[in-house]
Colleague: 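Mind looking over this structure? Questions follow.
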Amino acid sequence: MHDRRSFPSNPRLLTMRLDNQLQSIASAAFRQVCGTELPPEQFSIQKTRKEFAGARTLVCFPLARHSKAAPDATAEAMGKAMVAAEGPVTGYNVVKGFLNLEIAADHWSHWLLHESAGPNYGAAPRGSAPHVMVEYSSPNTNKPLHLGHLRNNFLGHSVSRILEAKGHTVTKVQIVNDRGIHICKSMVAWRRFGNGETPESSGMKGDKLVGKYYVAFDRAFKAEVSERLAAGLPKEEAEQDAPILVEARETLRLWEQGDPDTVGLWKTMNGWVYAGFDATYATMGVEFDKLYFESDTYLIGKDRVLEGLENGVFERTEDGAVWIDLTGDGLDRKLLLRSDGTAVYMTQDIGTALLRFQDYPDLDRQVYTVGNEQEYHFKVLFLVLEKLGFPQAQRCHHLSYGMVELPEGKMKSREGTVVDADDLMEAMFGIARDIALEAGKLEGLGPDEQREVFERVGLSALKYFLLKVDPKKNMMFDPKASIDFYGNTGPFILFNYVRGRSVLRKATAEGIPLPSTAIAAPGADEMELVGLLHDLPDVIGEAAEAYNPSLVANWCYDLTKAYSSYYQEHPILGADDPKTRDLRLVLTERFTRCLYTGMQLLGIALPERM
RNA sequence: GACUCUGUAGCUCAACUGGAUAGAGCACCUCACUACGGAUGAGGAGGUUGAGGGUUCGAAUCCUUCCAGGGUCGCCA
């Protein structure tokens with residue numbers, strides 16, 4: 001379903017981009033007009049707004065200071081000089097200090113034919129940028145994945161692909177929270193109430209089964225507490241000494257001692273969970289290169305903290321706890337080891353990070369896809385890593401994202417309003433199926449092919465909905481809107497892709513080859529589409545820089561809207577003359593290809609039919 | 001309380017990082033087309049960008065003071 005090897009090297013990227021060319025020309029023109037030397041970066045080039053003639057605009061206000069003339073006069077002189085220079089500028093007009101530049105039509109047709117071609121347009125050569133590790137998902141092993149995990153996984157997975165397109169080698173990982181009292185709770189409940197139930201015997205997914213016993217523990221615990229309260233025990237005692245909780249703590253103690261029975265059950269139940277998660281990840285279309293387990297890393301973290309203690313990075317208080325004082329960096333004191341010597345969350349994360357740098361010595365940085373409620377934690381973590389002597393720590397990044405809210409209120413697991421990931425995806429597939437069957441779209445396809453279409457369409461709706469919003473913002477997940485397949489949605493984009501592909505197939509069937517020379521020059525009607533196609537490399541660059549897939553998502557939508565509108569107004573194969581037809585055919589081909597690239601960066605697979 | 005993020009059309013989101021008249025979709029109203037795939041396209045209406053002040057040629061964007069909301073401030077993870 002997903003092609004991981006999509007971005008081999010592309011030497012053509014070395015070609016100078018239009019905006020850079022224009023900056024150079026502007027710099028030379030400015031020297032000529034004013035006798036002042038300004039570096040090309042100082043010239044601000046932007047796309048010209050639709051209501052004005054021209055394709056690119058030079059903002060001349062900042063130049064007025066150096067030219068000692070009014071912005072309009074400066075713009076006028078610059079326009080004249082830039083047209084006179086060798087290059088793509090053929091005309092200009094000045095509006096209130098904005099110099100609108102007209103670009104030669106053959107520049108665009110050349111660009112269309114030769115620079116935008118091929119499956120790798122927009123991507124940097126593989127391995128041309130440093131090795132990055134991206135962590136995402138990182139679930140607890142006692143609860144099935146929910147809506148929040150979907151945003152997390154889609155984000156992390158998409159950012160990985162964007163970084164790959166930017167030339168980075170990317171290693172995708174997750175840290176599995178497989179250790180601690182919460183796991184023991186599920187184990188205790190299963191021993192008490194399970195009667196040997198397994199995923200096979202019950203027909204339940206493993207993660208759901210274990211989750212069921214986690215809930216069962218909680219119910220039994222509450223029952224015991226109210227019984228004990230009724231018997232007259234004080235609240236604290238009723239809770240802390242409830243037999244089932246005592247048993248869970250004892251189980252944790254046995255686990256840490258390596259008791260074979262306890263460890264055996266722990267392995268078995270975790271195995272069920274992993275099998276369940278794997279099924280969910282497969283449905284989601286995400287994958288990982290390597291898994292890290294907290295049960296493997298917390299001891300490493302402990303060792304390194306003790307080492308740091310010897311080196312004076314950390315300090316020990318009288319009760320034996322280990323702290324770091326970050327008040328000098330504007331943060332607080334932070335605990336690293338409890339007074340009884342056991343590890344805390346931070347200790348584990350230090351161990352995990354160091355193990356990763358050890359596993360991959362060429363690692364330039366790590367990206368952590370984790371909710372924004374942990375911003376402080378990661379600020380501290382990166383600072384601690386830096387103080388432990390890891391220069392990469394300065395480049396590590398917390399890809400922080402906001403909560404997914406439901407219309408009825410906040411989505412929090414303890415309030416019981418979680419939306420299960422498997423259920424939600426299955427519901428999306430069902431809706432996609434209903435719509436397609438009602439429209440009679442999939443006649444002639446076998447059941448397996450149909451199922452694949454439903455999955456791609458349904459998943460595109462979900463992924464696109466979650467990825468089009470700026471990650472740092474809290475977002476509203478409206479189930480009703482997400483199942484609406486009109487407007488700014490994944491299915492709308494898919495539909496136009498399929499339509500474009502259909503035109504290309506028809507061209508092939510009619511024996512019309514994809515043109516490689518002599519097409520009509522794009523005119524005003526084509527320029528919006530051409531401009532958007534031209535933007536792709538910049539969009540990828542910005543998205544990589546900001547770790548922000550929403551930039552790619554919105555670009556995909558803009559591109560699709562432009563094509564959809566163009567398609568409506570202009571017959572492709574039925575064009576009046578062959579050169580115009582060829583131009584439209586090339587545009588259609590570039591549209592489908594660039595859209596494929598963009599959607600692939602979002603982790604969204606495109607169908608050929610729908 | 002301290003720190004931090006957010007606030008844009010009735011709703012959900014944009015705005016090339018300081019640029020021109022703040023743009024899309026949904027919902028609402030009007031219209032077009034035998035339609036290369038109608039899961040369509042075009043248009044209308046809808047805004048004091050939470051409020052005030054400041055910086056400058058120019059502010060949704062930067063500074064500042066308020067207001068509202070989220071998050072964090074555990075020897076939880």
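First the proteins, then the strands, lettered A, B, ... as listed; each starts at 1.
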Colleague: Identify, with sequence neighbours excluded, every residue that meets salt bridge (Lys or Arg N to Asp or Glu O under 4.0 Å) alongside Lys47(A).
Modeller: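 Scan of Lys47(A) (salt bridge (Lys or Arg N to Asp or Glu O under 4.0 Å), adjacent residues dropped) gives Asp535(A).
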Colleague: Describe the nucleic acid contact of Glu510(A) in one word from base, sugar-phosphate, nothing, applying a heavy-atom distance below 4.0 Å.
Modeller: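 If one applies the 4.0 Å heavy-atom cut-off, Glu510(A) turns out to touch nothing in the nucleic acid.
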Colleague: Less than 4.0 angstrom between a side-chain N/O of Lys96(A) and OP1 or OP2 of U21(B), yes or no?
Modeller: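 So the side-chain polar atoms of Lys96(A) do come within 4.0 Å of the phosphate oxygens OP1 or OP2 of U21(B), strictly under.
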Colleague: Tell me if U17(B) is syn or anti. Syn = glycosidic torsion within 90° of 0, anti otherwise.
Modeller: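 For U17(B), whose glycosidic angle is within 90° of 0, the conformation is syn.
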Colleague: Could you give the CZ-to-P distance, from Arg501(A) to C36(B), as a whole number of Å?
Modeller: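 Going from Arg501(A) (CZ) to C36(B) (P), I get 18 Å.
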Colleague: I'd like to know if the side chain of Glu528(A) pairs up with that of Tyr566(A) as donor and acceptor (distance under 3.5 Å, no hydrogens or angles considered).
Modeller: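 No, no side-chain donor-acceptor pair sits under 3.5 Å.
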Colleague: When rounded to the nearest Å, what value does the distance between C1' atoms of U64(B) and G25(B) take?
Modeller: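 Pairwise C1' distance, U64(B) against G25(B), rounds to 36 Å.
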Colleague: For A51(B) versus G37(B), give the span between their P atoms, rounded off to a whole number of Å.
Modeller: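 Approximately 49 Å lies between the P atom of A51(B) and that of G37(B).
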Colleague: List in chain and number order the residues that pass side-chain contact (heavy atoms from CB on, under 4.5 Å) with Gln374(A), two or more places apart in sequence or in another chain; answer none if no residue qualifies.
Modeller: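 Listed in chain order: Tyr345(A), Val370(A), His377(A), Phe378(A).
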Colleague: Partners of Arg304(A) by salt bridge (Lys or Arg N to Asp or Glu O under 4.0 Å), sequence neighbours excluded?
Modeller: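 Listed in chain order: Glu307(A).
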Colleague: Give every pair of a protein N or O atom and an N or O atom of nucleotides 55-61 of chain B that lie under 3.5 Å apart, one pair per line with the distance.
Modeller:
none

Colleague: With sequence neighbours excluded, give me every side-chain hydrogen bond (donor to acceptor under 3.5 Å, both in side chains) pair touching residues 328-338 of chain A.
Modeller: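 Applying side-chain hydrogen bond (donor to acceptor under 3.5 Å, both in side chains) to every pair that reaches into residues 328-338 of chain A, excluding sequence neighbours, yields Glu315(A)-Arg333(A), Asp329(A)-Lys387(A), Arg338(A)-Thr342(A).
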Colleague: Are Phe429(A) and Phe454(A) close enough that their ring centers fall under 6.0 Å?
Modeller: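 Ring centres of Phe454(A) and Phe429(A) not closer than 6.0 Å.
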Colleague: Starting at CD of Gln174(A) and ending at P of A77(B), how long is that distance when rounded to a whole Å?
Modeller: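 Rounding to the nearest Å, CD of Gln174(A) and P of A77(B) are 19 Å apart.
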Colleague: Polar atom pairs between nucleotides 40-46 of chain B and protein, under 3.5 Å, N or O only, would you list them?
Modeller:
unit_1: U40(B); atom_1: O3'; unit_2: Ser564(A); atom_2: OG; d: 3.4
unit_1: U40(B); atom_1: O2'; unit_2: Arg499(A); atom_2: NH2; d: 3.3
unit_1: U40(B); atom_1: O2'; unit_2: Gln568(A); atom_2: OE1; d: 2.7
unit_1: U40(B); atom_1: O2; unit_2: Gln568(A); atom_2: NE2; d: 3.1
unit_1: G41(B); atom_1: OP1; unit_2: Ser564(A); atom_2: OG; d: 2.8
unit_1: G41(B); atom_1: O2'; unit_2: Glu569(A); atom_2: OE2; d: 3.4
unit_1: A42(B); atom_1: OP1; unit_2: Ser565(A); atom_2: OG; d: 3.3

Colleague: Could you run through nucleotides 13-18 of chain B and give me one letter per nucleotide, 5' to 3': B if any protein heavy atom sits under 4.0 Å from the base, S if only the sugar-phosphate is that close, - if neither?
Modeller: SSSS--
Colleague: C1' atom, G50(B) versus C67(B): distance in rounded Å?
Modeller: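 The answer is 7 Å between these two C1' atoms.
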Colleague: Counting any heavy atom closer than 4.0 Å, what does Val539(A) reach on the DNA or RNA strands: base, sugar-phosphate only, or nothing?
Modeller: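 Counting heavy atoms under 4.0 Å across all strands, no contact is made by Val539(A).
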Colleague: Under 3.5 Å, is there a donor-acceptor pair between the side chain of Ser564(A) and the main chain of Lys561(A)?
Modeller: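 Not a single qualifying donor-acceptor pair exists.
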Colleague: Take atom P in A27(B) and the same atom in G19(B), then report the distance between them in whole Å.
Modeller: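 Taking atom P in both A27(B) and G19(B), they lie 33 Å apart.
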Colleague: Do the side chain of Tyr464(A) and the main chain of Ala553(A) share a donor and acceptor less than 3.5 angstrom apart?
Modeller: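 Here the side-chain-to-backbone pair exists.
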Colleague: Using atom P in both nucleotides, what's the gap between G46(B) and A24(B) to the nearest angstrom?
Modeller: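 That atom pair is separated by 15 Å.
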Colleague: With a 4.0 Å limit, can you tell me whether Lys441(A) has a side-chain N or O closer than that to the phosphate oxygens OP1/OP2 of G37(B)?
Modeller: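 False: Lys441(A) side-chain N/O out of range (4.0 Å or more) of G37(B) OP1/OP2.
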Colleague: Going by salt bridge (Lys or Arg N to Asp or Glu O under 4.0 Å), name the residues that satisfy it together with Asp19(A), two or more places apart in sequence or in a different chain.
Modeller: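 Here the qualifying residues are Arg56(A).
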Colleague: Does some side-chain heavy atom of Ser138(A) sit less than 4.5 Å from a side-chain heavy atom of Val176(A)?
Modeller: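 When only atoms from C-beta onward are counted, Ser138(A) and Val176(A) do not touch, as no gap falls below 4.5 Å.
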Colleague: Measure the distance from CE on Met403(A) to C1' on U6(B) and round it to the nearest whole Å.
Modeller: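 Met403(A) atom CE is separated from U6(B) atom C1' by 13 Å.
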Colleague: Counting N and O atoms only, with roles assigned by atom type, does the side chain of Thr592(A) sit under 3.5 Å from a partner on the main chain of Glu589(A), one being a donor and the other an acceptor?
Modeller: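 Checking the backbone N and O of Glu589(A) against the side chain of Thr592(A), a donor-acceptor pair under 3.5 Å is found.
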Colleague: Does Asp332(A) contact A2(B) through a side-chain donor or acceptor facing the base, at a distance under 3.5 Å?
Modeller: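 A donor-acceptor contact between them is absent.
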Colleague: Could you check whether Asn100(A) gets within reach of a base, just the sugar-phosphate, or nothing at all, counting any heavy atom under 4.0 Å?
Modeller: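 Touches a base.
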Colleague: Return the set of residues passing side-chain hydrogen bond (donor to acceptor under 3.5 Å, both in side chains) with Asn554(A) (not counting sequence neighbours), or none when no residue passes.
Modeller: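 Expected list: none.
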Colleague: Classify the nucleic acid contact of Val59(A) as base, sugar-phosphate or nothing, counting any heavy atom under 4.0 Å across all strands shown.
Modeller: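 Base contact.
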Colleague: Which ones in residues 291-300 of chain A lie close to RNA chain B, meaning a heavy atom under 4.0 Å from one of its atoms?
Modeller: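 Residues of residues 291-300 of chain A under 4.0 Å from RNA chain B: Glu294(A).
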Colleague: Between Leu583(A) (CG) and C36(B) (P), how many Å, whole number?
Modeller: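 Between P of C36(B) and CG of Leu583(A): 20 Å.
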Colleague: Expressed in angstrom and rounded to an integer, what is the separation of Asn93(A) atom CG from A20(B) atom C1'?
Modeller: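 Computing the Asn93(A):CG to A20(B):C1' distance gives 12 Å.
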Colleague: Determine the Euclidean distance between corresponding P atoms of U21(B) and A60(B); express it in Å to zero decimal places.
Modeller: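 Per the computed distance, 10 Å lies between those P atoms.
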Colleague: Looking at Gln348(A), is its backbone amide N or carbonyl O close enough to the side chain of Thr352(A) to form a donor-acceptor pair, meaning the two atoms are under 3.5 Å apart?
Modeller: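 It does hold such a pair.
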Colleague: Would you measure the distance from the C1' atom in C16(B) across to the matching atom in A22(B) and give it in whole Å?
Modeller: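 Those two atoms are separated by 14 Å.
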Colleague: Hey, can you tell me if Phe382(A) and Tyr368(A) have their rings parallel, tilted or perpendicular (30° and 60° cut-offs)?
Modeller: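 Tilted.
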Colleague: Using 4.0 Å as the upper bound for N to carboxylate O, is an ion pair formed by Glu256(A) and Arg179(A)?
Modeller: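 Yes, charged N to carboxylate O under 4.0 Å.
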Colleague: Within a strict 4.5 Å, meaning less than it, do heavy atoms of the Val188(A) and Arg249(A) side chains meet?
Modeller: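 Answer no - side chains too far apart.
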Colleague: Per the side-chain hydrogen bond (donor to acceptor under 3.5 Å, both in side chains) rule, what does the pair list look like for residues 432-444 of chain A, sequence neighbours excluded?
Modeller: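 Found none.
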Colleague: At under 4.0 Å, does any side-chain N or O of Arg338(A) touch on OP1 or OP2 of C76(B)?
Modeller: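 Answer yes for this pair, as a side-chain N or O of Arg338(A) is under 4.0 Å from OP1 or OP2.
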Colleague: Quick check on RNA chain B: between Met346(A) and Met610(A), whose nearest nucleotide comes earlier from the 5' end?
Modeller: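 So the residue in question is Met610(A).
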Colleague: Taking atom types as modelled and ignoring hydrogens, do the side chains of Asn152(A) and Tyr401(A) form a donor-acceptor contact shorter than 3.5 angstrom?
Modeller: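 Tyr401(A) and Asn152(A) do have a side-chain donor-acceptor pair below 3.5 Å.
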Colleague: Can you tell me how far CZ of Arg17(A) sits from NE2 of His534(A), rounded to the nearest 0.5 angstrom?
Modeller: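 CZ of Arg17(A) is found 4.5 Å from NE2 of His534(A).
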Colleague: For Watson-Crick and G-U wobble pairs within 3.5 Å on both distances, what is RNA chain B written in dot-bracket notation, | included for inter-strand pairing?
Modeller: (((((((..((((.....[...)))).(((((.......))))).....(((((..]....))))))))))))....
Colleague: In whole Å, I'd like the distance from the CG atom of Leu336(A) to the C1' atom of G74(B).
Modeller: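 These atoms are roughly 14 Å apart.
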Colleague: Taking the side chain of Val95(A) as its heavy atoms from C-beta onward, which of A20(B), C75(B), A39(B) lies nearest to it?
Modeller: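 Nearest nucleotide to the side chain: A20(B).
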Colleague: Checking contacts here: which listed nucleotide (A20(B), G37(B), C36(B)) is nearest the side-chain heavy atoms of Arg505(A)?
Modeller: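 Closest nucleotide among those given: G37(B).
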Colleague: For nucleotides U65(B) and A20(B), find the distance between their P atoms and express it as a whole number of Å.
Modeller: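 So the two P atoms sit 28 Å from each other.
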Colleague: Mind checking if Phe52(A) touches a base, just sugar-phosphate, or nothing, with heavy atoms under 4.0 Å?
Modeller: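 If one applies the 4.0 Å heavy-atom cut-off, Phe52(A) turns out to touch a base.
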Colleague: Which whole-number value in Å describes the distance from Lys334(A) NZ to C3(B) C1'?
Modeller: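 In whole Å, C3(B) C1' lies 14 Å from Lys334(A) NZ.
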Colleague: What's the CG-P distance between Leu504(A) and G37(B), to the nearest Å?
Modeller: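 These atoms are roughly 11 Å apart.
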